[in-house]
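Note: hydrogens, waters and symmetry copies are ignored here, and every other heavy atom, side chains too, is used. Below, read A as the first sequence line, B as the second, and so on, with proteins coming before strands; counting in each chain starts at 1.
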2 protein chains.
Amino acid sequence: MPKRVRSRRRAKRAHPVSSTLEAVARAARVSSATVSRFFNSPDLLSSRTAERVRTAVQKIGYVPNLVAGALASSRSRLIAATIPTVSQSIFASTIQALTDSLADEGYSVMLGLTGAADENVQRQLQSIIGRRPDGIILTGTMLDPASRKQLRATGIPTIETWDLPKDPIDLVVGFSHEAVGSAIAQRALALGRRRALIVSATGTRALARRDSFARTMLAGGAHEPVVATFAGPTTYGRARRAVAMQLDDRQQRIDLIVCTSDWGAHGVLDELRQRGIGVPDDIAVIGFGDLEFAADLTPSLTTVKIDGAVMGKHAARFLMQRARNQKIEQPLVDIGFSLIVRESG
Amino acid sequence: MPKRVRSRRRAKRAHPVSSTLEAVARAARVSSATVSRFFNSPDLLSSRTAERVRTAVQKIGYVPNLVAGALASSRSRLIAATIPTVSQSIFASTIQALTDSLADEGYSVMLGLTGAADENVQRQLQSIIGRRPDGIILTGTMLDPASRKQLRATGIPTIETWDLPKDPIDLVVGFSHEAVGSAIAQRALALGRRRALIVSATGTRALARRDSFARTMLAGGAHEPVVATFAGPTTYGRARRAVAMQLDDRQQRIDLIVCTSDWGAHGVLDELRQRGIGVPDDIAVIGFGDLEFAADLTPSLTTVKIDGAVMGKHAARFLMQRARNQKIEQPLVDIGFSLIVRESG
DNA sequence: CTGAAAGCGCTTACAG
DNA sequence: CTGAAAGCGCTTACAG
């Protein structure tokens with residue numbers, strides 16, 4: 001009679017267990033260590049052994065449990081990325097490039113949507129840290145000092161993107177919004193425009209561009225720009241209505257409209273056209289983002305191009321360097337931007 | 001002299017270990033089971049004990065390791081969602097709603113970008129299953145039969161969205177693209193339009209709408225629609241150029257342009273305006289999506305509204321029901337759609 | 001209400 | 001090149 005082993009009953013899995021390393025090992029008549037090596041360091045195995053394992057894996061349809069692997073190895077192969085929103089997001093290309101680059105290395109990306117309101121940053125941060133990701137990508141920067149401190153304390157590689165914070169948490173891949181604002185103003189001044197309206201969202205970075213634009217205009221001898229600011233992203237409709245209101249309201253002439261997004265600029269162009277206002281003759285229009293449609297608009301849109309994909313790739317590279325314990329010489333990358341001059345301004 | 005305990009050296013963690021349950025337990029002078037209960041079933045604890053644990057957690061700054069928790073409990077609190085792309089994505093609202101709903105329940109969403117090419121579905125599926133998520137959200141459906149089979153075999157709750165597959169993998173939240181195509185055609189016929197151009201992407205669902213539209217038009221006595229199809233999403237620029245080519249090419253008159261996305265319809269409107277073609281008098285235009293700008297265009301855009309957020313919420317509900325082992329009476333939800341009639345058609 | 005302890009499915013330092 | 005076994009940090013059935 002076989003010895004009765006006391007075996008604890010555990011709750012049934014919510015879903016059927018796919019098989020384990022152990023099962024594959026039995027089928028291949030090797031140890032589970034060998035099966036593990038088959039997946040993680042295949043060149044340690046003789047080709048005969050590898051072949052046997054491969055066969056067993058295939059027969060069983062085994063898919064390694066990365067959760068267990070992460071716990072055992074302290075490497076989750078998970079990257080957490082936070083973006084404000086997925087809709088109409090100028091950050092999409094960064095996430096896309098990041099995801100693509102990392103997929104090749106076996107990493108997955110977990111997306112955290114921070115939303116407009118920053119109320120639940122703290123909770124969200126907990127749920128990110130709780131997953132013990134191998135890296136954290138922030139869009140913009142995390143402003144709450146307590147959160148910054150906690151992040152730094154975890155030691156998880158953290159990359160702030162789309163900005164150049166003065167006191168970085170860790171790594172940075174971004175560009176200067178101040179420089180963008182001032183570049184736009186310089187273009188405006190070169191065109192001889194002195195009466196600007198700037199249509200801006202209230203995000204930190206949009207405001208940085210707005211203020212720098214205004215400063216440079218003033219310094220260049222232009223009038224103080226009129227400002228139309230509203231909460232939330234600069235959408236086609238919001239910008240269009242904001243401009244309509246301004247044009248209805250004001251007696252003062254305007255010869256330039258700067259928008260904190262191409263979507264907004266698009267709405268502005270349509271509003272101006274409907275009012276029979278010539279672009280750029282009466283009013284020049286400059287956007288931000290160089291989105292897909294910018295070149296195809298009538299008139300084509302002068303705007304600022306940000307290479308979001310390049311940011312994503314730099315971020316992925318940083319992460320891989322950290323994963324390999326390589327020293328990072330230059331922990332801050334400024335990818336710059338380019339002013340794309342087209343018909344509208 | 002203390003007994004020398006043989007302790008195995010393990011590789012150093014890539015990043016500093018945040019503290020463990022055990023450390024909190026020591027600080028609070030309770031067992032680690034109690035600390036675990038503090039987080040997972042707080043009402044099992046006396047308020048005195050809970051208070052002591054709370055203090056210790058705070059002092060230490062402890063954040064539970066969800067990876068270890070997932071392994072021990074077989075519940076990852078992770079939901080995997082796949083979408084073709086994050087840029088210009090009509091699916092964004094679904095993901096947003098899904099993420100928001102699930103965050104409240106402590107779930108995180110892992111995003112898989114499938115891209116246009118379906119080459120690496122298999123690899124992607126492995127990396128999803130490997131994480132042992134508590135649910136999988138597919139945008140559209142997974143076409144590869146082997147993948148469908150594997151998915152079903154895992155027993156992980158799987159939700160196909162944005163479509164109504166005939167032979168679902170598991171759960172479904174979507175609507176009928178055939179019905180959309182035919183509803184658009186009915187509107188066109190009611191307007192007396194008989195010579196349609198349809199600008200379509202090559203995605204499965206866009207094609208389903210396109211074909212159903214064509215069928216209904218024919219059945220209604222209209223001419224066979226002219227078709228302009230191109231790979232990739234229907235962007236402003238692509239649709240605009242496609243229409244420009246058609247209008248240059250053809251002698252035959254067209255009195256309606258149907259677009260598989262509002263972005264495309266937007267491009268079409270601009271192209272028609274530039275050519276001095278009246279909308280809807282000369283040519284009516286109908287889009288798809290009812291995106292943010294549709295109502296604000298000039299003329300405002302007639303289009304089909306899909307409530308992506310409702311889909312996301314249904315999906316979240318399904319997932320929670322499965323998590324609680326509740327029976328799901330109706331595993332397929334058709335959320336329908338609405339034709340929004342505005343000026344353009 | 002609380003604790004001791006087995007077990008989740010892997011990885012990897014050690015030893016051969 | 002391969003295996004035995006400790007350990008990753010939790011959860012939870014059992015026993016009180």
Name of the residue among A:T82, A:I128, A:I136, A:I79 meeting side chain to side chain contact (heavy atoms under 4.5 Å, CB included) with A:M110 | A:I128
Rounded to whole angstroms, how far apart are [atom1] on [X] and [atom2] on [N]?
| X | N | atom1 | atom2 | answer |
| --- | --- | --- | --- | --- |
| B:L71 | C:dG9 | CG | C1' | 5 Å |
| B:L78 | D:dC10 | CG | P | 17 Å |
| B:L21 | C:dA4 | CG | P | 14 Å |
| B:R75 | D:dG9 | CZ | P | 22 Å |
| B:L44 | C:dG3 | CG | P | 13 Å |
| A:R77 | C:dG9 | CZ | P | 21 Å |
| A:R132 | D:dG9 | CZ | P | 9 Å |
| B:N40 | D:dC10 | CG | C1' | 9 Å |

Reckon [X] has a side-chain N or O less than 4.0 Å from the OP1 or OP2 of [N]?
| X | N | value |
| --- | --- | --- |
| B:Y62 | D:dG9 | no |
| A:N65 | C:dC10 | no |
| A:S46 | D:dT2 | yes |

Run the numbers on A:M320 and A:Y107 for side chain to side chain contact (heavy atoms under 4.5 Å, CB included), then give the verdict.
-> CA-CA 10 Å; A:M320 291 306 100; A:Y107 283 73; 3.5 Å; yes
Compute the ring centroids of A:F38 and A:Y62, then answer whether they are less than 6.0 Å apart.
-> no
Go ahead and write out DNA chain C as dot-bracket, 5' to 3': ( ) for pairs within the strand, [ ] for ones crossing earlier pairs, | when the partner sits on another strand, dots for unpaired; Watson-Crick or G-U wobble, both distances under 3.5 Å.
-> |||.||||||||.|||
Sequence neighbours left out, what passes side-chain hydrogen bond (donor to acceptor under 3.5 Å, both in side chains) with B:T99? Give chain and number order.
-> none
Looking at [X] and [Y], would you say the former's side chain and the latter's main chain have a donor-acceptor pair under 3.5 Å?
| X | Y | answer |
| --- | --- | --- |
| A:S108 | A:L78 | no |
| A:R29 | A:R26 | no |
| B:T161 | B:L138 | yes |

If you find the nucleotide of DNA chain C closest to B:A50 and the one closest to B:A68, which residue's nucleotide is nearer the 5' end?
-> B:A50
Contact residues, residues 22-39 of chain B to DNA chain C [heavy atom, < 4.0 Å] | B:V30, B:S31, B:A33, B:T34, B:R37
Nucleic acid contacts of residues 102-109 of chain A, taken as heavy-atom distances under 4.0 Å to DNA chain C = none
For B:D170, enumerate each residue passing the salt bridge (Lys or Arg N to Asp or Glu O under 4.0 Å) test, keeping only those at least two apart in sequence or located in another chain.
-> B:R322
Write out all pairs satisfying salt bridge (Lys or Arg N to Asp or Glu O under 4.0 Å) with one or both partners inside residues 47-72 of chain B, taking only residues at least two apart or from two chains.
-> B:E51-B:R54
Reported CZ-to-CD distance for the pair A:R131 and A:Q126, which is rounded to 0.5 angstrom | 13.0 Å
In Å and rounded to the nearest 0.5 Å, what is the CD1 to CZ distance from A:I137 to A:F318?
-> 10.0 Å
C1'-based separation of C:dT12 from C:dG16 [nearest Å] | 16 Å
Is A:R123 salt-bridged to B:D104, going by a charged N under 4.0 Å from an acidic O?
-> yes
